[in-house]
Number of protein chains: 2
Amino acid sequence: MSESANHDIYFVPGLHRGLRILEILGAAKTPMSLSEIARAMDLSRSSAFRLVYTLRQMEFLKDGEQKNTYTLGAKVLNLGFAYLSNQPITKIARPLLAQLRDTTGVSTHLSVLEGHNVLYLGSHQARTGFVSNMVTGTRVEAYATAIGWCLLSGKSEAELAAFCKGLDMPPITKHTPTSFQMLKARVDQMRTDGFVVSHGFREPGGSSIAVPVWDQAGKVVACVNLSGPDSGFDFDKLKSFYLPETKATALRISRELGYEGSN
Amino acid sequence: MSESANHDIYFVPGLHRGLRILEILGAAKTPMSLSEIARAMDLSRSSAFRLVYTLRQMEFLKDGEQKNTYTLGAKVLNLGFAYLSNQPITKIARPLLAQLRDTTGVSTHLSVLEGHNVLYLGSHQARTGFVSNMVTGTRVEAYATAIGWCLLSGKSEAELAAFCKGLDMPPITKHTPTSFQMLKARVDQMRTDGFVVSHGFREPGGSSIAVPVWDQAGKVVACVNLSGPDSGFDFDKLKSFYLPETKATALRISRELGYEGSN
DNA sequence: TATTGATGTTTTATATACAAAACAATTGGC
DNA sequence: GCCAATTGTTTTGTATATAAAACATCAATA
């Protein structure tokens, strides 16, 4: 009774079990054999055989290094990227981020909050330089980054407390907040300013601007981020040019999402 | 008769069709309705209903913005990342890349070639600085980047020609090779040098070192990459310190893969 | 080398997933 | 506001996917 009142009339068991195999193999640190899969799924070997056969034929599974073992195939990666590029906000933001990149000359990024992580949905690279640190599809801990504070500014104090509950916050740099109180201070600061700027004189090696994006309900749903190395990031121009441009882009995206505030 | 001699004895049709729905929705630029899915799959609506029902319940599909439409769900993203972190080379390289990051103080990355793209498998960020341009899971055009040339150095001339066949190569920067001949020159250069270095005086804003990783068969299977902004990248130290360290790390990874050459 | 246990594969009787058809609920055109 | 067409949902007889059991193959141990 506990786990599965699954036995809905409309469940197609073949699909259900096949997907569970993918999940199990995703969670497994190492390739699994047919029998291991069958055991993990509490399934007859003959059924597991047919499922694996199908998954393999469709390239959702591929052979592991050891004989008779299987791991996730490349198709699951394709799906993952399709997921990212199908996010509605990605489509809306893409041309605007490209435009921001072109007018500023530095790299621009769009990210959202997913669980405790910042999830990068897409980016447009500075056209100069070979160093192409693209970020799409990446996850990083939200509590530790300027972009994370920006995204967390949409949460109430209670929500933020819940967010910190059970989260351990090791210090990545000496500026990393390591407690709820410290994180709250960062987020509050961001909320009053309306942006986060970190510049090279404080953090050697790079500069970054993060500005929130709001939806029609006034909720923070994403973050526009502009970043580059100090050498391409003139401090004088930062506040007079880069920041207003970034804010304008974020607002434009917000408008397209139906935001009607004046931030 | 044309498309599917699919009718293997061991094919489980529910799973087959469910996965095809995921692929179709991944390729679709916009969410689809039940009927659209049924039509695209040449399937009865009642069957499509049951498949979608199952996928939705398992969170491989989620509701689109419009009513009665569906898109890929977050689960497919989880699988995508599981795929990346399960790649054997990722596991071997991870601690060594972290170590390289710690001794050099700048960001390190591991990437492989997938089709025409450079696929980033993992990275370790410089501990200083808020600018966290992580790259895991990203794809970029191989022909246009130093890392790409590094990875392509494993190919023979014929393979490289095949690689270029039908690939259009727009110039991203003025240094971008735009023909097979130009690309071949870059790759040959890389092969004789054993690495690619691009430094800020040529490419404003950032510096980068790329070194290949070999497997036991002597094939180039991956690329170790070290990159950072000029300000953190001392030119003098580049050749005397960063480059040898990077090469040592790449060789160490190669050794763990069974490489026995002396490069 | 013989023996045991485990795993991968094939067969097949039967439980069940499936598609047609009926139904319900929307939508769009006049 | 009606009709027609399209879509989402439910039912149900039947074609078929399934799991047990048999078979084949391999690995380890004595």
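In what follows, chains are A, B, ... by sequence order, proteins preceding strands, each numbered from 1. Atoms considered below: every heavy atom in the structure, side chains included; atoms not considered: hydrogens, waters and symmetry mates.
Of the candidate nucleotides dT7(C), dC18(C), dT7(D), dT7(D) has the atom nearest to the side chain of Arg39(B). In this structure, the nucleotide among dG8(D), dA20(D), dA20(C) sitting nearest to the side chain of Ser44(A) is dA20(D). Residue Pro13(B) places its side chain closer to dA17(D) than to any other of dC18(C), dT7(D), dA17(D).
Judged purely by distance below 3.5 Å, without hydrogens or angles, the side chains of Ser46(B) and Ser44(B) pair a donor atom with an acceptor atom.
Atoms OH (Tyr70(B)) and C1' (dT7(D)) sit 11 Å apart, rounded to a whole Å. Nucleotide dT26(C) holds its C1' atom 9 Å from the CG atom of Asn68(B), rounded to whole Å. The nearest whole Å value for the distance from the OH atom in Tyr10(A) to the P atom in dG8(D) is 14 Å. Rounded to an integer number of Å, the gap from CG of Asp42(A) to P of dT18(D) is 16 Å. In this structure, CZ of Arg45(A) is placed 7 Å from C1' of dG8(C), rounded to the nearest angstrom. His16(B) has its NE2 atom 15 Å from the C1' atom of dA17(D), to the nearest Å. Between the P atom of dA17(C) and the CZ atom of Phe49(B) lies a distance of 15 Å, rounded to the nearest Å. For the pair Leu34(B) CG and dT9(D) P, the interatomic distance rounds to 7 Å; values are reported in whole Å.
Backbone-only contact: Ser35(A) has heavy atoms under 4.0 Å from sugar-phosphate atoms and none from a base.
Residues Lys67(B) and Leu43(B) both approach DNA chain C. Their nearest nucleotides, taken by heavy-atom distance, put Leu43(B) toward the 5′ side.
A donor-acceptor contact shorter than 3.5 Å is absent between the side chain of Lys62(B) and the backbone of Ala74(B). Of the possible polar contacts, one joining the Tyr143(B) side chain to the Pro170(B) backbone as a donor-acceptor pair under 3.5 Å is found.
At dT18(D), one or more side-chain N or O atoms of Arg50(A) fall inside 4.0 Å of OP1 or OP2 (strictly under the cut-off).
Across Leu79(B), Asn78(B), Leu77(B), a single residue satisfies side-chain contact (heavy atoms from CB on, under 4.5 Å) together with Tyr83(A), and that is Leu77(B).
Ring-plane geometry between Trp214(A) and Tyr259(A) is classed as parallel, the angle between the planes falling under 30 degrees on a 0 to 90 degree scale with a further cut at 60.
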